[in-house]
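Here is the structure we will look at, set down as structure tokens.
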Amino acid sequence: MTTKLDFYTEIRDKEQPYHNQMLNLLKFVDEEEISIMSGAWMEHMENPDAEMKIKDFLLNPSEDSAFTVPLLRQWLFELIVGTVVLQDNFNEELPVTAVLYPPTHSLMICETDIGIIASALDEVEYALIGDIDNRDFNLHLQQAYESVKKSVEGFGVLSMPDFDRINDRVAHFSNSGRLVGLIREIDLRHACGNIVTLMNRKTRELALDSPLTIFVGGNVLNGDFTVPNLISVYYGIDANTLDEGMIQNIYRPFTESDSRLLSVSRMFGTEKLLRRLFEQRQ
């Protein structure tokens with residue numbers, strides 16, 4: 001049985017039945033990571049890929065050389081696992097969406113963001129083509145699996161596939177020896193400009209063809225249309241920069257949300273940002 005839940009009502013009140021489950025959906029990002037991401041977004045870095053160590057995207061944080069924004073990596077892995085869980089429960093063709101919310105909405109900055117994510121996903125593909133059982137990839141996928149599993153079991157409305165099922169759906173070799181799976185089917189789109197061309201004018205829902213679409217830019221949350229099956233947002237913004245319009249956009253995705261979607265949903269942001277949102281909502 002599923003129900004509609006208001007994320008903000010549940011998380012503010014400890015007496016609400018889903019309060020603890022909602023807390024598990026929050027992931028706090030260090031201020032330093034947001035600062036690094038903002039540097040890349042604002043083009044303060046001459047070469048974001050090199051300075052963020054995207055070549056080391058899969059390295060464990062304990063390694064001397066490692067990806068400098070590990071919570072962005074965690075966000076991507078938990079998003080991928082959550083997508084497979086939803087599609088395994090309902091329909092493998094179910095379009096799932098996520099949003100990377102940058103500090104500003106210029107087209108140039110959105111394209112820079114997309115380049116960062118695309119480079120990171122390329123590193124994953126290269127690693128898997130070299131070794132489908134890549135140790136570092138499996139470590140991050142397993143950690144994401146356990147995190148999402150805890151949420152799924154907490155809500156109790158979805159079935160959690162076993163790890164091998166998730167792993168196979170994310171990436172495997174076809175009979176012809178090609179790498180296939182969700183990891184190669186992620187569509188990256190900028191949402192800093194006008195994306196109304198993606199809208200079905202009858203339903204006012206974005207018409208998406210890919211199993212997972214990551215929008216970069218907050219305009220996709222402005223309420224002019226419905227974003228199908230939105231399950232995850234990474235807020236790469238400073239709490240001090242919030243204005244009323246941004247706050248309304250941030251509230252919208254998880255108000256009156258389906259408990260099935262909430263089972264695999266995530267909100268990544270600094271603790272200061274997320275706490276300010278909850279306080280403002282009251």
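- The two atoms that bring Ser210 and Asp187 nearest to each other are OG-CB, 3.2 Å, heavy atoms only.
- Taking all atoms of both residues into account, the shortest heavy-atom contact from Phe173 to Ile129 is CZ-O, 3.9 Å.
- Remark: the backbone N or O of Leu179 is paired with a side-chain donor or acceptor of Arg184 at under 3.5 angstrom.
- The OG atom of Ser265 sits 12.0 Å away from the CZ atom of Arg260 when rounded to the nearest 0.5 Å.
- The heavy-atom pair separating Ala127 from Leu58 by the smallest distance is CB-CD1, 3.6 Å.
- Surrounding CD of Glu32 are at most 12 heavy atoms belonging to other residues, nucleotides or ligands under 6.0 Å away.
- Here the options are Asp88, Val264, Asn89, Val85, the test is side-chain contact (heavy atoms from CB on, under 4.5 Å), and the partner is Met160; only Val85 passes.
- To the nearest 0.5 angstrom, Tyr18 atom OH is 15.0 Å from Leu23 atom CG.
- A side-chain contact (heavy atoms from CB on, under 4.5 Å) with Ile231 holds for exactly one of Leu79, Leu212, Leu262, Leu25; it is Leu79.
- Under the 3.5 Å distance criterion, with hydrogens and angles disregarded, no donor-acceptor pair is assigned to the side chains of Arg169 and Thr83.
- Phe155 and Ser259 get closest at one heavy-atom pair: CD2-O, 4.2 Å.
- Annotation for Asp209: atom CG does not count as buried by contact number, only 12 or fewer foreign heavy atoms lying within 6.0 Å.
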Would you check, one step at a time, whether the test side chain to side chain contact (heavy atoms under 4.5 Å, CB included) holds for Leu100 with Leu72? CA-CA 9 Å; Leu100 182 62; Leu72 179 66; 4.1 Å; yes
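- One hydrophobic cluster, built from ILVMFWY side chains closer than 4.5 Å, cannot hold both Val180 and Tyr126; they sit in different ones.
- With sequence neighbours excluded, the residues that form a side chain to side chain donor-acceptor pair (under 3.5 Å) with Gln16 are Asp13.
- In this structure, Val216 and Leu188 have side chains that are not in contact, with every pair of non-hydrogen atoms separated by 4.5 Å or more.
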Criterion side chain to side chain contact (heavy atoms under 4.5 Å, CB included) on Leu26 and Met267, from CA distance to verdict: CA-CA 5 Å; Leu26 300 181; Met267 292 179 70; 4.1 Å; yes
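- Pro211 approaches Glu185 most closely through the heavy-atom pair CG-OE1, 3.4 Å.
- Residues Val152 and Leu158 approach most closely at CG1-O, 3.5 Å, considering heavy atoms.
- With Thr270 contributing its side chain and Glu31 its backbone, the two residues share no donor-acceptor pair below 3.5 Å.
- The closest side-chain heavy-atom distance from Val29 to Leu273 is not below 4.5 Å.
- Relative ring orientation between Phe77 and Phe137 is described as tilted, the plane-to-plane angle lying within the 30° to 60° band.
- Listed for the Glu271 side chain is no donor-acceptor partner under 3.5 Å among the backbone atoms of Phe28.
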The test is side chain to side chain contact (heavy atoms under 4.5 Å, CB included); show your working for Asn138 and Tyr145 and say whether it passes. CA-CA 10 Å; Asn138 282 331; Tyr145 177 86; over 6 Å; no
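- Here CZ of Arg73 is found 12.0 Å from CD of Glu123. Values are rounded to the nearest 0.5 Å.
- When side chains are defined from C-beta on, Leu141 counts as touching Phe163, because their heavy atoms get closer than 4.5 Å.
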Any chance you could lay out the side chain to side chain contact (heavy atoms under 4.5 Å, CB included) test for Asn229 and Phe90, step after step, and finish with the verdict? CA-CA 12 Å; Asn229 306 312; Phe90 298 104; over 6 Å; no
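- From Ile183, atom CD1 reaches atom NE2 of His172 across 13.0 Å, with rounding to the nearest 0.5 Å.
- Expressed to the nearest 0.5 Å, how far CG of Leu230 lies from OG1 of Thr213 amounts to 11.0 Å.
- In this structure, the side chain of Glu78 does not engage the main chain of Ser147 through any donor-acceptor pair within 3.5 Å.
- Considering CG of Leu121 and CD1 of Ile186, their distance stands at 5.0 Å, rounded to 0.5 Å.
- Ring orientation note: the planes of Tyr101 and Tyr235 are tilted relative to one another, at an angle of 30° to 60°.
- In this structure the side chain of Ile117 never reaches within 4.5 angstrom of the side chain of Tyr234, judged on heavy atoms.
- Without hydrogens or angle criteria, Asp162 side chain to Arg165 main chain gives a donor-acceptor distance under 3.5 Å.
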